[in-house]
Amino acid sequence: MAARIDHLVTSGTFSLDGGTWDVDNNVWIVGDDREAVVIDAAHDADAIVAALVGRTLRAIVCTHAHNDHIDAAPALADRTGAPILLHPDDLPLWKQTHPERLPDAGLADGQLVTVAGVDLTVLHTPGHAPGAVCLYAPALNALFSGDTLFAGGPGATGRSFSHFGTIIESIRDRLLALPDVTVVHTGHGDTTTIGAEAPHLPEWIDRGF
């Protein structure tokens, strides 16, 4: 069975620095008919379990620890037995949402997460958050960018734990080096491609996006 990418949108809130905003999040499920990994367990564990349709969940991978990307992770882990994986640099953010429950294991740059015969390579891409990561699956021509890169520009860097210059370095050095045809599956909103975004890097820098 060939691996595939399934997509679910869940709704909830994002809270940081004393503010709260309504958000829709992309939840990405990578796998085949037998097993899968979930990238960003956002808001609704029941909806994610339903989307798995009985598949074995191998891991819950967190692209970063803003609450809207991890709020359903413990409940999903409890339901499925899957481990929660997070880059350790984002533990301070994680503890703001789940002070009594730590992730099960860390993520490291270059680490492989393998499911249904497909390797997803962890790319540490700080800037939006210190431990932000993207996952690159060349066999699927796919990058799962979390909130590092969107259709139209980089992720936000105006709040705590973020830095504009760092996210620009991450995008320039790690993501725009990928093939132009790579499809970028984002944490919010529409998909894009590396080729569609790369020409706009100078504009983002000039505007301090």
Side-chain angles (χ1 to χ4, degrees), residues 1-14 23-88 90-91 93-95 97-125 129 131-148 183-188 191:
M1 287 177 287
R4 66 181 186 274
I5 301 166
D6 294 320
H7 177 215
L8 177 68
V9 177
T10 58
S11 300
T13 59
F14 164 58
V23 288
D24 295 327
N25 283 64
N26 293 324
V27 178
W28 300 101
I29 302 173
V30 181
D32 57 18
D33 289 341
R34 292 189 293 252
E35 62 178 9
V37 299
V38 163
I39 300 171
D40 288 343
H43 308 307
D44 192 338
D46 289 340
I48 298 170
V49 169
L52 288 168
V53 289
R55 288 177 283 179
T56 299
L57 186 59
R58 299 299 183 190
I60 301 162
V61 183
C62 307
T63 62
H64 62 293
H66 284 154
N67 73 286
D68 57 318
H69 290 255
I70 63 167
D71 50 2
L76 184 61
D78 290 345
R79 291 275 297 274
T80 63
I84 301 169
L85 311 182
L86 176 75
H87 193 285
D90 258 22
L91 281 174
L93 277 167
W94 172 276
K95 291 175 182 178
T97 303
H98 301 300
E100 305 301 324
R101 167 71 153 92
L102 292 176
D104 298 292
L107 291 169
D109 188 61
Q111 178 179 340
L112 295 182
V113 177
T114 302
V115 64
V118 170
D119 289 335
L120 293 88
T121 301
V122 176
L123 305 177
H124 184 209
T125 53
V133 301
C134 299
L135 295 130
Y136 177 47
L140 298 175
N141 190 40
L143 176 76
F144 301 92
S145 65
D147 288 2
T148 296
V183 177
V184 181
H185 300 278
T186 62
H188 307 272
T191 60

Exercise for review: For the pair R34 (side chain) and A116 (backbone), establish whether a donor and an acceptor sit closer than 3.5 Å, ignoring hydrogens and angles.
Suggested key: no
Exercise for review: Look up atom CG in D44 and atom CG in L76, then write down how far apart they are to the nearest 0.5 Å.
Suggested key: 10.0 Å
**Study point:** Option among V37, L57, V61, T56 that satisfies the side chain to side chain contact (heavy atoms under 4.5 Å, CB included) test with V115
**Key:** V37
Review point. What is the distance from atom CG of L102 to atom NZ of K95, rounded to the nearest 0.5 Å?
Key: 6.0 Å
Exercise for review: Find out whether D109 and H87 are in side-chain contact, i.e. whether some heavy atom of one side chain is under 4.5 Å from a heavy atom of the other.
Suggested key: no
Practice item. Mind listing the closest non-hydrogen atom pair of A137 and V118 along with its distance? Key: CB-CG1, 4.2 Å
Revision key, fill the gap. Looking only at heavy atoms, the pair that brings Q111 and G106 closest together is OE1-O, 3.6 Å
Exercise for review: Report the distance from atom CG of L123 to atom CG of L107, rounding to the nearest 0.5 Å.
Suggested key: 11.0 Å
Point to revise | side-chain contact (heavy atoms from CB on, under 4.5 Å) between V122 and H124, intermediate numbers included | key: CA-CA 6 Å; V122 176; H124 184 209; 5.7 Å; no
Review point. Considering all heavy atoms of both residues, which atom of I48 and which atom of A42 are nearest to each other, and what is their separation?
Key: CD1-N, 4.0 Å
Check your understanding: Taking C-beta and beyond as the side chain, do H188 and N25 meet within less than 4.5 Å on heavy atoms?
Key -> yes
Exercise for review: Could you tell me whether the side chain of W28 reaches within less than 4.5 Å of the side chain of L135, counting heavy atoms only?
Suggested key: no
Practice item. Ignoring hydrogens and angles, tell me if any N or O in the side chain of D90 forms a donor-acceptor pair with the backbone of A65 under 3.5 Å. Key: yes
Review point. Is it true that a side-chain atom of S145 and a backbone atom of V184 form a donor plus acceptor pair closer than 3.5 Å?
Key: no
Exercise for review: Identify the two heavy atoms, one from L8 and one from A51, that lie closest to each other, and give their separation to 0.1 Å.
Suggested key: CD2-CB, 4.3 Å
Practice item. Could you tell me whether R101 atom CZ has more than 12 heavy atoms of other residues or ligands within 6.0 Å of it? Key: yes
Point to revise | Sequence-distant partners of H43, ring pair (Phe, Tyr, Trp, His ring centres under 6.0 Å), two or more places apart | key: none
Check your understanding: Do you know the tightest heavy-atom contact between T148 and A132?
Key -> OG1-CB, 4.1 Å
Revision key, fill the gap. CG of L143 to OG1 of T125, rounded to nearest 0.5 Å, is 8.5 Å
Point to revise | Under 3.5 Å donor-acceptor, N67 side chain and T13 backbone | key: yes
Exercise for review: Could you tell me the separation between the CG atom of D104 and the CD1 atom of I60, rounded to the nearest 0.5 Å?
Suggested key: 8.0 Å
Point to revise | Whether H64 and H69 hold their rings parallel, tilted or perpendicular, with breakpoints at 30° and 60° | key: tilted
Check your understanding: Any donor-acceptor pair under 3.5 Å linking the side chain of H98 with the backbone of A73?
Key -> no
Exercise for review: Specify the closest pair of heavy atoms between C62 and V133, including all atoms of both residues, with the distance to one decimal.
Suggested key: O-CG2, 3.8 Å
Review point. Looking only at atom types and distance, does a side-chain atom of D40 sit under 3.5 Å from a main-chain N or O of T63, one as donor and one as acceptor?
Key: yes
Check your understanding: Ignoring hydrogens and geometry, is there a side-chain-to-backbone donor-acceptor pair from N26 to T186 under 3.5 Å?
Key -> yes
Review point. Taking side chain as C-beta onward, heavy atoms only, is L86 less than 4.5 Å from L91?
Key: yes
Practice item. Could you note down all residue pairs passing side-chain hydrogen bond (donor to acceptor under 3.5 Å, both in side chains) where residues 72-86 supplies at least one of them, sequence neighbours left out? Key: D46-R79
**Study point:** Any residue meeting ring pair (Phe, Tyr, Trp, His ring centres under 6.0 Å) with F14, in chain and number order, not counting sequence neighbours
**Key:** W21, H66
Check your understanding: Under 4.5 Å between any side-chain heavy atoms of V113 and V30, yes or no?
Key -> no
Check your understanding: Can you tell me how far CD of E35 sits from OG1 of T114, rounded to the nearest 0.5 angstrom?
Key -> 9.5 Å
